[in-house]
Asks: 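Here's a structure for you.
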Number of protein chains: 2
Amino acid sequence: MSAPITRGQGALHAQLRARLAEQAARLPAGAALPGERQLCELHGVSRVTVREAVGQLVADGVLVRVPGAGTFVAERPARSRLHLASFAEDMRRLGLRPSTVVLEVALTDPPDNTREALVLAPDAQAWHVRRLRLADSEPMSVDDGWYAADVAPDLGDHDLTGSVYTLLGDVYGAVVDRAEQSVRASEADPPTAQLLGLAPGRAVLAFDRVARSGGRPVEHTRSVYRGDRYEVAMSLELGRG
Amino acid sequence: MSAPITRGQGALHAQLRARLAEQAARLPAGAALPGERQLCELHGVSRVTVREAVGQLVADGVLVRVPGAGTFVAERPARSRLHLASFAEDMRRLGLRPSTVVLEVALTDPPDNTREALVLAPDAQAWHVRRLRLADSEPMSVDDGWYAADVAPDLGDHDLTGSVYTLLGDVYGAVVDRAEQSVRASEADPPTAQLLGLAPGRAVLAFDRVARSGGRPVEHTRSVYRGDRYEVAMSLELGRG
DNA sequence: CTGCTTCACTGGTCATGACCGGTCGGACCA
DNA sequence: TGGTCCGACCGGTCATGACCAGTGAAGCAG
């Protein structure tokens, strides 16, 4: 079980969460975890902390709680659930040929909401990568991504026509394993419309995403997809979505 | 502030959550809520309960917590977390008052894609229910639903201002437990725009959903939400390895 | 008036202890 | 052998009390 959980290495529930995530990954789906009270004794923390850690993993779909029975590793058959995929993977899944035009790469002061999303210091800078994404040589989306400079110090020196997630994982050791995103419909502003080959005001699907690596936010992206070329598919289930 | 929070009316945090959601919906965006300790005294509950209630509303995008400063009403629009729920339930979670105007109920020949989605015989008819959905008396969406006639033979005889899912479960024993949907951005056509109180061509979020009960498709819905009032949030995960 | 310090207050975190209702397996009885 | 009952154990909920770091405004010093 390696090092014990101690104060000073970040929040206790964050440490425990990482510990439990590792453990769950090595267990087969459906396997039972120790009871919450037992985890308290095992790691020397209170039940508040255990519940916080387990609760986060349940929210992520890694664990499943069953009242009266216990906590279990979530079943995850290879069904078509929402999954984390790069633009290229996504396009290839749709049978389209992906390509990318890098419009801008710069180390700049990020906007306030990005600063908040990435939990950056007030004076910290971040890499800003603006890219036009094409599918079968036709514009599909415009991505504005911001990356914390302390996670990816020399991001601008790398080839950014491919997957930044791969770069983050292979070069900087920050594998993106989780993301939260919101989706809304809005109208294309003139510059974006021109890039996408649309008339201004046409409907676009706007994604706002925060990608995390081990709980730490590493990327904040705003992607604007052409409404006439793209849609998101998802499945919903009773109980947990 | 109405009735106080009491034991026995469901979990205390659930009651408080509903109370706070209503309160937040009536406040302007950015307005500050009472501090957590103050809410404890106001409602006679412990801080554990307050934090649970507020935490849920933060997850739903209704409130925003700022460490050191306070808790505030989030900027528009209503953000719904991805889950299988009726319109009314969804809106109430966000602190909005749902209502419904039934525009059309008829047993008709469904369009081909609906026939396919519901796996209907070539000559089978289906109930068509068209409804305008309001939140706080303002248009939110227009729903076009088709229901297999052999699953719900006399659907048209029932009150359709409420949840059809509840009807399907309680009256016909077909509990909806799974659904697949796709989401895209498009432009409001003139009749839909008029119903939604939008100018024609404004962006809308269009859902195309097939709901299932025990594997059998029972509903095919196309819902068009106002792009300026609604958005969906979801989390993405890497597959287990 | 400006700049700095101080301090009340906020949410974030954590420990301890308690009770509830549901689950499940083993003991016990028919 | 089979069915029933019961108790250990589970997660869900809630109260109380505590300390921390960050915020922001009031107040003081220059």
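Remember, it's a predicted structure, so these values are computed and weren't measured experimentally. Note on naming: letters A, B, ... go to the chains in the order of the sequence lines (proteins, then strands), and numbering restarts at 1 for each one.
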Asks: Has the side chain of A:R47 got a donor or acceptor that lies under 3.5 Å from a partner of the other kind on the base of C:dG17?
Replies: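 Counting by modelled atom types and ignoring angles, no donor-acceptor contact under 3.5 Å is found here.
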
Asks: If you only use heavy atoms from C-beta on, which nucleotide in D:dG12, C:dG11, D:dT13 is closest to the side chain of A:R65?
Replies: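 Output: D:dG12.
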
Asks: Can you tell me how far P of D:dG12 sits from CD of B:E52, to the nearest Å?
Replies: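 Rounded to whole Å, this separation is 10 Å.
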
Asks: Do the side-chain N and O atoms of B:R131 and B:T100 include a donor-acceptor pair separated by under 3.5 angstrom?
Replies: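 Distance-only check fails for B:R131 and B:T100.
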
Asks: Report the relative orientation of the aromatic rings in A:Y225 and A:F87; use parallel for angles under 30°, tilted for 30 to 60°, perpendicular for over 60°.
Replies: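 Tilted: the ring planes of A:Y225 and A:F87 meet at 30° to 60°.
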
Asks: Rounded to the nearest angstrom, tell me the gap between atom NE2 in B:H43 and atom P in D:dC14.
Replies: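 From B:H43 NE2 to D:dC14 P: 14 Å.
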
Asks: Considering only D:dA15, C:dC14, C:dG11, which nucleotide approaches the side chain of B:V48 most closely?
Replies: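 Nearest nucleotide to the side chain: D:dA15.
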
Asks: Could you check how far CZ of A:R17 sits from P of C:dT13, rounded to whole Å?
Replies: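 So the CZ-P distance, A:R17 to C:dT13, works out to 13 Å.
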
Asks: Does A:T49 make a side-chain N or O approach to OP1 or OP2 of C:dA15 shorter than 4.0 Å?
Replies: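 It does, given that an N or O in the side chain of A:T49 lies less than 4.0 Å from OP1 or OP2 of C:dA15.
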
Asks: Check the distance between D:dC10's P and A:E41's CD and give it to me in whole angstrom.
Replies: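 Going from A:E41 (CD) to D:dC10 (P), I get 10 Å.
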
Asks: Between B:S182 and B:D208, is any side-chain donor less than 3.5 angstrom from a side-chain acceptor?
Replies: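 No, no side-chain donor-acceptor pair sits under 3.5 Å.
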
Asks: Taking atom P of C:dG12 as reference, at what distance in whole Å does atom CD of A:Q56 sit?
Replies: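 Answer to the nearest Å: 13 Å.
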
Asks: Tell me which one of A:Q56, A:E52, A:E22 satisfies side chain to side chain donor-acceptor pair (under 3.5 Å) with A:R17.
Replies: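 The residue from A:Q56, A:E52, A:E22 that satisfies side chain to side chain donor-acceptor pair (under 3.5 Å) with A:R17 turns out to be A:Q56.
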
Asks: Hey, does the side chain of A:T71 come within less than 4.0 Å of D:dC10's phosphate (OP1/OP2), counting only N and O?
Replies: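 No, because none of the side-chain N or O atoms of A:T71 sits under 4.0 Å from OP1 or OP2 of D:dC10.
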
Asks: With a 4.0 Å cutoff (strictly under), does any side-chain N or O of A:R51 reach OP1 or OP2 of D:dG12?
Replies: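 Looking at the OP1 and OP2 atoms of D:dG12, one of them is under 4.0 Å from a side-chain N or O of A:R51.
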
Asks: Nearest whole angstrom, please: distance from the P of D:dC9 to the CG of A:L33.
Replies: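 So the CG-P distance, A:L33 to D:dC9, works out to 18 Å.
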
Asks: I need the CZ-P distance between B:R37 and C:dA8, as an integer number of Å.
Replies: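 Spelled out: CZ on B:R37 to P on C:dA8 is 14 Å.
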
Asks: CD of B:E36 versus P of D:dA21: gap in Å, rounded?
Replies: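 My rounded result for the distance is 18 Å.
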
Asks: Reckon B:V45 touches a base, only the sugar-phosphate, or nothing at all at heavy-atom distances under 4.0 Å?
Replies: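 Touches sugar-phosphate only.
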
Asks: Can you identify which nucleotide, out of D:dC14, C:dT13, C:dT10, has its nearest atom closest to the B:L12 side chain?
Replies: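 Selected nucleotide (nearest to the side chain): D:dC14.
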
Asks: Would you indicate whether the side-chain heavy atoms of B:F207 and B:V232 approach each other to under 4.5 Å?
Replies: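 Yes, close enough: below the 4.5 Å cut-off.
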
Asks: Any donor-acceptor pair under 3.5 Å linking the side-chain atoms of A:T114 with those of A:H220?
Replies: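 A:H220 vs A:T114: donor-acceptor pair found between side chains.
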
Asks: Classify the ring geometry between A:W146 and A:H128 as parallel (under 30°), tilted (30 to 60°) or perpendicular (over 60°).
Replies: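 Rings of A:W146 and A:H128: parallel, under 30°.
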
Asks: Polar atoms only, N or O, under 3.5 Å: list the protein pairs with nucleotides 23-27 of chain D and their distances.
Replies:
unit_1 : atom_1 : unit_2 : atom_2 : d
D:dT23 : O4'    : B:G68  : O      : 3.4

Asks: With a 4.0 Å cutoff (strictly under), does any side-chain N or O of B:S46 reach OP1 or OP2 of D:dC14?
Replies: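 For D:dC14, neither OP1 nor OP2 has a side-chain N or O of B:S46 closer than 4.0 Å.
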
